[in-house]
Amino acid sequence: MQRNKEKKSMEKMGESNQCKRKLRVCVATCNRADYSKLAPIMSGIKSHPEDFELEVVVLGSHLIDDYGNTFRMIEQDDFDIGSKLHTIVRGEDEAAMVESVGLALVKLPDVIQRLKPDILVVHGDRFDALALATAAALMNIRILHLEGGEVSGTIDDSIRHAISKLAHYHACCTRMAEQHLIAMCEDHSRILLAGCPSYDKLLLSHHREDYMDIIKSWLDDKVQEGDYIVALQHPVTTNIQHSIKIYGLMLDALISFNKKTLILFPNIDAGSKEMVRVMRRKGIEQHPNFRAVKHIPFEQFIQLVSHAGCMIGNSSCGVREAGAFGTPVINLGTRQTGRETGENVLHVRDADTHNKIYHALELQFGKRYPCSKIYGDGNAVPRILKFLRSIDLDEPLQKTFCFPPVKDPISQDIDHILETQSALAVDLGGTNLRVAIVCMRGTIVKKYSQPNPKTFEARMELILKMCNDAMRDAVGLNCRILGVGVSTGGRVNPQDGVVLHSTKLIQEWSSVDLRTPISDALHLPVWVDNDGNCAALAERKFGHGKGVENFVTVITGTGIGGGIIHHNELVHGSTFCAAELGHIMVSLEGPECMCGSRGCIEAYASGMALQREAKKLHDEDLLKVEGMDMKLSEPITAAHLVSAAKMGNSKADAVLTKAATALGVGIINILHIVNPSQVILSGVLASYYQAPVQHVISQRALFSVQNIKVVTSDLEEPALLGAASMVLDYATRRIY
């Protein structure tokens, strides 16, 4: 029995050690472009030796002198290269690419047998990558494919999709790419929406202090930031002659445009040699305005692109990485047709004349666009490492496909979207500054609150700190942040993200651009609007306004505000002053309002107005009634007035009746002007005002609007939810 116990104990220890076995990951890189995406993953794997063993295989154009012998930069990054495979067959036509694939397939089996990886990481859509995926699949090695599901305009599409069908796992960059993989019947549970790994590095190193030194080292000492062009054009293998023609026209336009230009040699695809000949025939390498190079280290290339006046060509870098900096891009030809792009990209798909390209340069050069994070948020590598750790090597190796009749991937994907797509919501209140992570369902995943600083500088610093904290937490909470929504008091220009005039509750907060500093710091799109409008947006997406085409939200709190939804859209007005519902005048000689006028709804029905009347009654010893619990040290508030009225205080009841009547008359004016089908009362006083306001409407409104319902909001955080809805509604429109 003792021996049996010892045997079982040893078996359990063996099982435990087996569970803790390191995952042997082989990363194969073929060229300078895919290394920029793979290097951050390789660094992440290397930094976790307790979980992973890293093997690096280098092949393709990395090992060719004409393309810069870029394997050296891998060694400079302190990676041990396990195998170097010379797989490129020299040639200038399509046959050379086919022969290169064949040569790679001949050499790869020995390497794979020697390394015995648990999983092979393959990137993208190059013919070398197709050879890698084919060899691994036939040798029963699991494959993780990066950037599958994307669409472009060349043979790369076919290669990319072929690799996706061979791969067992997918780490894609965009929601649309994920949708494409699902449509290709890939198993949704094996698809990770990670973002582009290169964004992890480029967003961290974007603001380097030595960027001017880098620019001058690649161009010259006289060049200025934003006063040069980066050009990178590759052949299109499905129409080589046409792509060579476009290349020549681009060079002519750049010569005419007369700006310093850094031009990179094309990749190794068929047609690249002829493109180099065109460049040399035009004397580009000797031209004083041009610097032609074979390779630039990625960290330096980021700086050159981010500070360029323009980028031109057909490289995927233009439609992907450049968007993170807002760099203007001119995309020539069809090589990137179908790619998701930011507003910084100007397409010249039929680039058939010098004048057309020159005019595009005139339109784009020197502009600056909002930063775009379509392809990543800087957290791809942690997601990919977490995904790798979750791989069960005991599960069957054979791929299974999710065909629609068997399983409905679309409905499952909608659930996944609703669970993970999220927004950062910021509520700038008079007392507290609050930030929340809000998911598509309207659930507040996590909330942060701090006292609102008094100065502008301290307030902005705190906003950015809280947002950065929330973004870090979002990764662990499996929430993808799509953007930032800001709710603030006062008059707001939502088109520019500027607070025009603030309330007295928030001092030093007028003519303030909120969008730019937040967007620049977080690399996210930012929306800003008035808190009343945000409350209406919250109701439209999550509350009683859902599915209602026309309604009005009235906030009854410290002040009176609100928003108007007309034909499913928020009404802002010509000077962004629409829906200032608290300042509808209901009396010519009423009490003075904080806006400087008299007789406004806010002067009668707001929490501050009721507090004022409660203090008057208290000072005259007319507030407290028998049985009412009031401490001497307790400040008088509107709540005391409501409590006194409920306990039979006729004076307090008269004040509240007058306030409810004023609010009801103001709402009647709204009903007569915009004729909504519903009125939603929000805020701390909403439940008290609902019945009296409904009564006033039934007694005083025109017959056609007397039956319009007044309801109280069920939302606990309308400002935060409304701020989030600005982000989530935009994302929804883009996807569906």
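Worth knowing before you read on, the calculation uses all heavy atoms, side chains too, and leaves out hydrogens, waters and symmetry mates. Everything quoted here is computed from the prediction, not taken from an experiment.
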Tell me whether the rings of Tyr375 and Tyr199 are parallel (<30°), tilted (30 to 60°) or perpendicular (>60°).
tilted

Going by the angle between their ring planes, with limits at 30° and 60°, are His287 and Phe290 parallel, tilted or perpendicular?
perpendicular

Has Asp210 got more than 12 heavy atoms of other residues, nucleotides or ligands less than 6.0 Å from its CG?
yes

Can you tell me if Gln224 has over 12 outside heavy atoms packed within less than 6.0 Å of its CD?
no

Check whether the side chains of Glu274 and Tyr247 place a donor and an acceptor atom closer than 3.5 Å, and report yes or no.
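Per modelled atom types, Glu274 and Tyr247 side chains form no pair under 3.5 Å.
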
Strictly by modelled atom types, are Glu186 and Ser164 linked by a side-chain donor-acceptor pair under 3.5 Å?
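No, because no side-chain N or O of Glu186 sits under 3.5 Å from a partner of the opposite role on Ser164.
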
Which value, rounded to the nearest 0.5 Å, describes the distance between [X] atom [atom1] and [Y] atom [atom2]?
X	Y	atom1	atom2	result
Arg32	Thr70	CZ	OG1	8.0 Å
Phe127	Ile155	CZ	CD1	12.0 Å
Leu346	Gln364	CG	CD	4.5 Å
Leu388	Arg142	CG	CZ	12.0 Å
Phe401	Lys165	CZ	NZ	4.5 Å
Cys310	Ile330	SG	CD1	4.0 Å

Heavy atoms, side chains only, cut-off 4.5 Å: are Asn289 and Phe257 in contact?
no

Derivation of the side-chain contact (heavy atoms from CB on, under 4.5 Å) call for Tyr169 and Leu192:
CA-CA 8 Å; Tyr169 308 97; Leu192 171 69; over 6 Å; no

Looking at [X] and [Y], does any basic side-chain N land under 4.0 Å from a carboxylate oxygen?
X	Y	result
Lys282	Asp252	yes
Glu340	Arg320	no
Glu55	Lys116	no
Asp269	Arg126	yes
Arg175	Glu178	yes
Asp157	Arg160	yes

Test Met275 against Phe265 for side-chain contact (heavy atoms from CB on, under 4.5 Å), laying out the working first.
CA-CA 9 Å; Met275 290 175 76; Phe265 278 58; over 6 Å; no

As a test of understanding, state which of Lys216, Lys259, Lys222 forms a salt bridge (charged side-chain N to carboxylate O under 4.0 Å, His left out) with Asp227.
Lys259

Working for side-chain contact (heavy atoms from CB on, under 4.5 Å), residues Ser372 and Glu343:
CA-CA 8 Å; Ser372 165; Glu343 59 181 293; over 6 Å; no

Stepwise, does the side-chain contact (heavy atoms from CB on, under 4.5 Å) test hold for Asp377 with Arg383?
CA-CA 11 Å; Asp377 60 3; Arg383 294 186 183 108; 2.8 Å; yes

